[in-house]
Amino acid sequence: MRNNTKRKLPIFDILLTSLTLILILASAYLLYLYKSNSIAAHDDPDDLNAVSSTIDEADSSFSGIKIITEISNDVKIPFAIQYPKSNHTAFNDKIKKHIKGIKHDHLTNVATYKQKHKNFTNELNISFETFEHPNGTYSFVFVSNKHIGDLQGEMEIHTFHLNNENGDMLTLENILDYDLENLQTLSTLTKKQLESNDSSQNRFTKEEIKKYTEPLWENYQHFAFTDEALVLYFPHDQTDDNIPIVSLPYEDVNDLFIDSYQVQLKDDTDHEESSTDSNGKQNDSSDSNQADETEVEENTEQEISSAKKVALTFDDGPDPNVTTRVLQTLEKYDAKATFFMLGSRVEYYPEIAKMVQEAGHELGNHSWTHPDLTKASSDKVHNEIHRTSQIIEDITGEKPYSFRPPYGAFNDGVKQQTDLPIALWDVDTLDWKHRSPQQLLSHVQNGVRDGSIILMHDIHPATADGLDAVMAYLQENGYTFVTVSEIEESQ
Ligand code: ZN
């Protein structure tokens with residue numbers, strides 16, 4: 001909202017001014033609608049491989065940063081891309097250029113592959129994480145995962161940096177003051193850590209370590225400043241999902257930085273990690289919750305036992321718009337559902353994840369970045385699952401009850417990496433594909449039976465639009481809404 005000038009005007013002038021203002025705003029809004037529609041319809045008209053996609057914008061928990069999500073509308077060329085948007089045009093343009101490049105390459109490669117192959121799967125996934133230096137500057141770490149048919153999948157890391165106050169995008173050269181002695185020290189520390197990493201953390205040979213840690217600026221282009229350390233990312237062999245990472249605590253590197261990047265070091269070193277045991281068993285709090293529910297249920301046992309059960313599940317969230325709307329509809333029906341959350345989204349929308357838990361719904365783990373885990377190394381699978389369990393517990397105080405692998409894809413290797421029960425579904429509403437409240441309802445009507453687990457996604461507005469009708473239908477047909485764990489207990 002803008003404040004108009006507070007001059008005193010005769011009433012007629014005020015009316016006229018307001019009317020003009022309304023007209024201007026209305027035309028600006030129409031123009032905006034027109035523009036955003038054209039974005040949605042034709043993502044990039046310059047691109048010969050343009051794929052229709054939907055673009056959403058949402059607030060993030062990092063001040064001044066919005067998250068743009070672009071999801072393909074073309075089932076044959078699925079992609080999901082997330083990137084940050086700041087108030088600084090130069091930064092935003094840089095990010096957009098980066099995304100456009102990756103997307104263009106991928107679409108070109110798909111088109112080439114298509115000439116020789118008929119039915120094949122392909123996927124592009126770009127997500128990012130945000131870290132904040134104690135001085136308030138942001139580091140954005142982009143991870144892109146690509147795969148086409150039977151070609152080797154590719155994973156890449158790129159980092160971007162922004163001082164959101166003044167728009168500066170500093171490089172490591174800037175931060176080390178272009179000082180070659182500083183660079184030499186950084187190189188020595190990095191080399192030492194890579195050499196001491198065990199083979200699960202990096203599979204660099206001695207020669208590779210030497211090559212990649214040489215004191216050349218080009219070797220230190222991908223980095224992030226977290227609240228505790230300078231993290232460096234190294235190029236990675238495509239046959240291996242592990243990106244070699246070195247994390248240098250500020251205690252060791254503080255002196256190398258320009259003043260504005262020096263942090264105040266604590267004297268005491270009580271970095272007690274309460275999270276050493278990330279191998280989650282079902283926790284007590286969820287058990288006691290269930291005990292409470294059982295008590296309540298006993299009163300109406302007669303009704304419940306004869307009722308048909310259905311579990312509504314929502315994947316890929318939390319989302320500030322859609323999840324909150326889903327919660328409202330669930331509350332209207334006094335229903336409990338299960339939310340399979342992505343760790344990366346929980347990190348961005350902690351307050352939404354907390355809302356879900358506080359409303360009494362069941363929490364599930366859906367990995368950190370939504371990769372196909374059957375194509376990932378066991379380390380990567382482990383990290384994807386355990387990091388997500390950890391953040392869900394940190395934010396909500398509750399451990400996830402079960403794990404739903406992205407795309408429902410898992411194998412023994414994936415199962416070995418978690419104690420959580422694997423939770424799939426039997427009714428797929430395909431809401432991500434049709435984005436239609438009517439089709440959402442008809443998929444449920446055609447597929448539901450007693451004990452069904454229904455798959456939906458709390459990131460598509462159409463799903464929130466159609467949920468009320470779905471729940472009304474299920475209720476009229478004698479279904480009670482239960483969580484995934486309650487379905488599993490009753491089977
Ligand atoms: Zn999913």
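We count ligands from 1, going down the list as the structure has it; atoms in each ligand are counted the same way.
Of the candidates Phe223, Tyr138, Phe142, Phe140, Phe223 is the only one forming a ring pair (Phe, Tyr, Trp, His ring centres under 6.0 Å) with His161.
Note on ring orientation: taking the six-membered ring where Trp is involved, the planes of Tyr113 and Phe120 are perpendicular (angle over 60°, cut-offs 30° and 60°).
Taking all atoms of both residues into account, the shortest heavy-atom contact from Val444 to Val427 is CA-CG1, 4.4 Å.
At distances below 3.5 Å, not a single donor-acceptor pair connects side-chain atoms of Glu70 with backbone N or O atoms of Ile55.
Residues Ser485 and Glu362 meet the side-chain proximity criterion, which asks for heavy atoms closer than 4.5 Å.
Shown here are the protein N/O/S atoms lying under 2.8 Å from the Zn ion (ligand 1), water excluded: Asp316 OD1, His366 NE2, His370 NE2.
The ring-ring contact (aromatic ring centres under 6.0 Å, His included) contacts involving residues 314-337 comprise Phe314-Phe339, where partners must be two or more places apart or lie in separate chains.
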